Colleague: 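Let me give you the structure first, and then I'll get to my questions.
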Amino acid sequence: MKDLSKLGFGTQAVHGGTEPEPITGAIMTPVFQTSTYVQPEPAVAKVHEYSRTGNPTRDALQVALATLEGSEIPAVSFASGMAAIDGIVRLLDSGDHVIAGDDLYGGTYRLFTKVLARQGLRFTFVDTSDAAAVKEALTPETKLIWCETPTNPLLKISDVSALAEVARDAGCWLTVDNTFATPYIQRPLDLGATFVVHSTTKYIGGHSDVVGGSVIVRDADLHERLCFIQNCVGAVPGPWDCFLTLRGIKTLHLRMARHCQNASAIADFLQAHPQVEKVHYPGLEGHAHHDVAARQMSAFGGMVSFELKGGVEGGRQLCMKTKLFQLAESLGGVESLIEQPATMTHASVEPEVRRAAGLADGLIRLSVGCEELSDLRADLEQALLAIAES
Ligand SMILES: *Cc1c(COP(=O)(O)O)cnc(C)c1O
C-alpha cells in the first residue's frame with residue numbers, strides 16, 4: 001500500500017487502494033469474480049482462500065476508504081450500510097446499553113428497535129447535539145454512543161469531539177455515521193470517534209448504481225473483531241459492487257465540491273422564497289448548530305430540507321411538480337432527488353417519535369445533485385409557482 005497519508009484528499013481519492021495489477025499492469029483494479037482460490041498446499045493460501053473471507057477487489061476498496069478516513073488499517077466492507085451498522089452492533093453482548101441519536105436514519109432506528117432490542121440490547125434515544133444529555137443518559141452498561149452528523153433529515157449537528165470526550169470518560173465506544181458528510185467534509189476518527197460507518201450507497205458510490213456499507217477504525221483489535229464478524233455473518237459485498245464503489249471514490253472530491261456549492265445556493269434561494277416557512281441547512285448562519293458545523297466540517301454538504309407554508313399537502317404537491325428533482329428515496333448521487341420523509345424514508349418511525357424529534361409531516365428533503373445550479377433553481381421556482389397557482 002502506497003503511503004498517501006501526507007497527500008491531499010483529491011490525490012488520496014484518485015490513488016487510494018489502487019496499484020497496477022501485477023500480471024497485466026491494468027491500472028484499475030479488476031473485478032475478481034471468483035468464489036475460491038487455488039492453494040499451493042493444504043492450509044496455505046497464496047493470498048486469499050475464499051471470497052467471503054477475502055477478495056482482491058474488496059481489498060482495494062477497503063484500503064481506499066481507510067485512506068480517506070485517515071486510518072492505516074483497511075476498512076471492513078459490507079453488502080449494505082445496514083449490514084455495516086449491524087456489524088458494529090454485533091460487537092456488543094446481550095444486556096449492553098447503547099445511547100443513540102433521536103433523529104437517526106429510519107433504517108438504523110428500525111434495526112435498533114425492531115430487531116436488536118428483541119435480542120437483549122438496550123437503547124436510549126437522545127438528542128446527540130446535546131453532549132450533556134448524552135452524558136446524563138450513560139449507565140454502567142453503556143458500551144456504545146451512536147451518532148449521525150449531520151442527521152437525516154433535519155441536518156442537526158453533533159459535536160463529535162465533545163461526544164468523544166464523553167465516550168472516553170465513560171470507557172465506551174463512539175460511532176459516527178459519516179454518510180451525509182463523507183470524509184471530504186468531516187473526518188470523525190481525527191475528532192476522536194472509535195468507528196466511522198458509511199452507507200457507501202450514497203455519496204461514496206455517488207452514481208445511484210450500487211448498495212454498500214463500510215466501517216473504518218484505527219484500533220487493530222477492533223478491526224480484527226470486525227473482520228471476524230464480516231466473515232462469520234457473511235453480509236459481504238460482491239466484487240462488482242466493490243469495483244463500482246471504488247470507481248465512485250475516484251471522483252468523490254469533485255462531486256462533493258459541486259454538491260456543496262449547489263446545495264448552499266439552493267438553501268439561500270429557498271430561505272428567501274415567500275412560500276417557504278423554514279430551511280434546514282448547516283451552512284446557514286441561522287442554523288442552530290452552525291458554529292459547531294463550521295468548526296468540524298470543511299463544507300456543509302449536499303442535503304437541504306425545508307418546510308413549506310402550505311404544510312403537508314403543499315409538500316406533497318411540490319414533490320410531484322419538480323422535473324429535474326426526481327421523486328425517490330436515497331441520496332448522494334449525481335442526480336438531484338426530492339422526497340417527503342414522513343411518508344417515505346421515515347415512515348418506519350412512529351409518528352409520535354418523529355414529531356417529538358421535530359420532524360414535521362410536511363418536511364421536504366432535497367438531495368442536491370451535480371447538475372447546473374441555474375437549472376436546479378429554475379426547477380424549484382417553476383414547481384413552487386405551480387403549487388401557488390393550484
Ligand atoms: C442510507 C443510509 C443508511 C443505510 O444504508 P444502506 O446502504 O441503504 O443499507 C445508514 N445511514 C444513513 C445516514 C443513510 O443515509
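Numbering of ligands and ligand atoms starts at 1, following listing order. Worth saying up front: this structure is predicted, and the values here are computed from it rather than measured.
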Colleague: Ring centres under 6.0 Å, that's the criterion: do W146 and F123 meet it?
Modeller: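 So the answer is no for these two rings.
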Colleague: Starting from atom 8 (O) of ligand 1, which protein heavy atom do you reach first, and at what distance in Å?
Modeller: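 The closest one turns out to be Y105 OH, 3.8 Å.
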Colleague: What about Y109 and F125, are their ring centers closer than 6.0 Å?
Modeller: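 Centroid distance Y109-F125: below 6.0 Å, so yes.
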Colleague: Polar-atom distance check: S199 versus ligand 1, any N or O pair below 3.5 Å?
Modeller: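 N/O-N/O distance under 3.5 Å: yes.
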Colleague: Is the distance from the ring center of H259 to that of Y203 below 6.0 Å?
Modeller: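 Under 6.0 Å, so yes.
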Colleague: Could you tell me, atom by atom, which parts of ligand 1 come under 4.0 Å of a heavy atom of S80?
Modeller: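 Close to S80: 7 (O), 9 (O).
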Colleague: Can you tell me which residue and heavy atom of the protein come closest to atom 15 (O) of ligand 1, and the distance to 0.1 Å?
Modeller: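 Atom 15 (O) of ligand 1 sits closest to the protein heavy atom K202 NZ, 2.8 Å.
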Colleague: Between D177 and ligand 1, is there a nitrogen or oxygen pair with a distance under 3.5 Å?
Modeller: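 Yes.
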Colleague: Around atom 6 (P) of ligand 1, find the nearest protein heavy atom and jot down its residue, atom name and distance.
Modeller: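 Protein heavy atom with the smallest distance to atom 6 (P) of ligand 1: G81 N, 3.4 Å.
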Colleague: In Å and rounded to the nearest 0.5 Å, what is the OG1 to CG distance from T36 to N55?
Modeller: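 CG of N55 is found 11.5 Å from OG1 of T36.
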Colleague: Is it the case that E21 and T29 place a side-chain donor and acceptor less than 3.5 Å from each other?
Modeller: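 Not at all, the side chains of E21 and T29 share no donor-acceptor pair under 3.5 Å.
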Colleague: Decide if atom CZ of R225 counts as having more than 12 heavy atoms of other residues, nucleotides or ligands within a radius under 6.0 Å.
Modeller: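 For R225, atom CZ is crowded (more than 12 foreign heavy atoms under 6.0 Å).
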Colleague: Looking only at protein heavy atoms, which one is nearest to atom 7 (O) of ligand 1, and how far off is it?
Modeller: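 Protein heavy atom at minimum distance: T201 OG1, 2.6 Å.
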Colleague: Classify the contact between I85 and ligand 1 as side chain, backbone, both or neither, using a heavy-atom distance cut-off of under 4.0 Å.
Modeller: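 For I85, only side-chain atoms sit under 4.0 Å from ligand 1.
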Colleague: Tell me whether the rings of H48 and Y37 are parallel (<30°), tilted (30 to 60°) or perpendicular (>60°).
Modeller: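 Correct class here is tilted.
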Colleague: Touching ligand 1 at all, G212? Heavy atoms, strictly under 4.0 Å?
Modeller: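 For ligand 1, residue contact (heavy atoms, under 4.0 Å) with G212 is present.
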Colleague: Numbering the atoms of ligand 1 from 1, which are under 4.0 Å from a heavy atom of F180?
Modeller: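 Checking each atom against F180, I get 15 (O).
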Colleague: Going by distance only, is there an N or O of M82 that falls short of 3.5 Å from an N or O of ligand 1?
Modeller: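 Yes, there is a polar N/O contact under 3.5 Å.
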Colleague: Please determine whether a side-chain nitrogen of the Lys or Arg among E371 and R377 lies less than 4.0 Å from a carboxylate oxygen of the Asp or Glu.
Modeller: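 Result for this pair is no, no salt bridge flagged.
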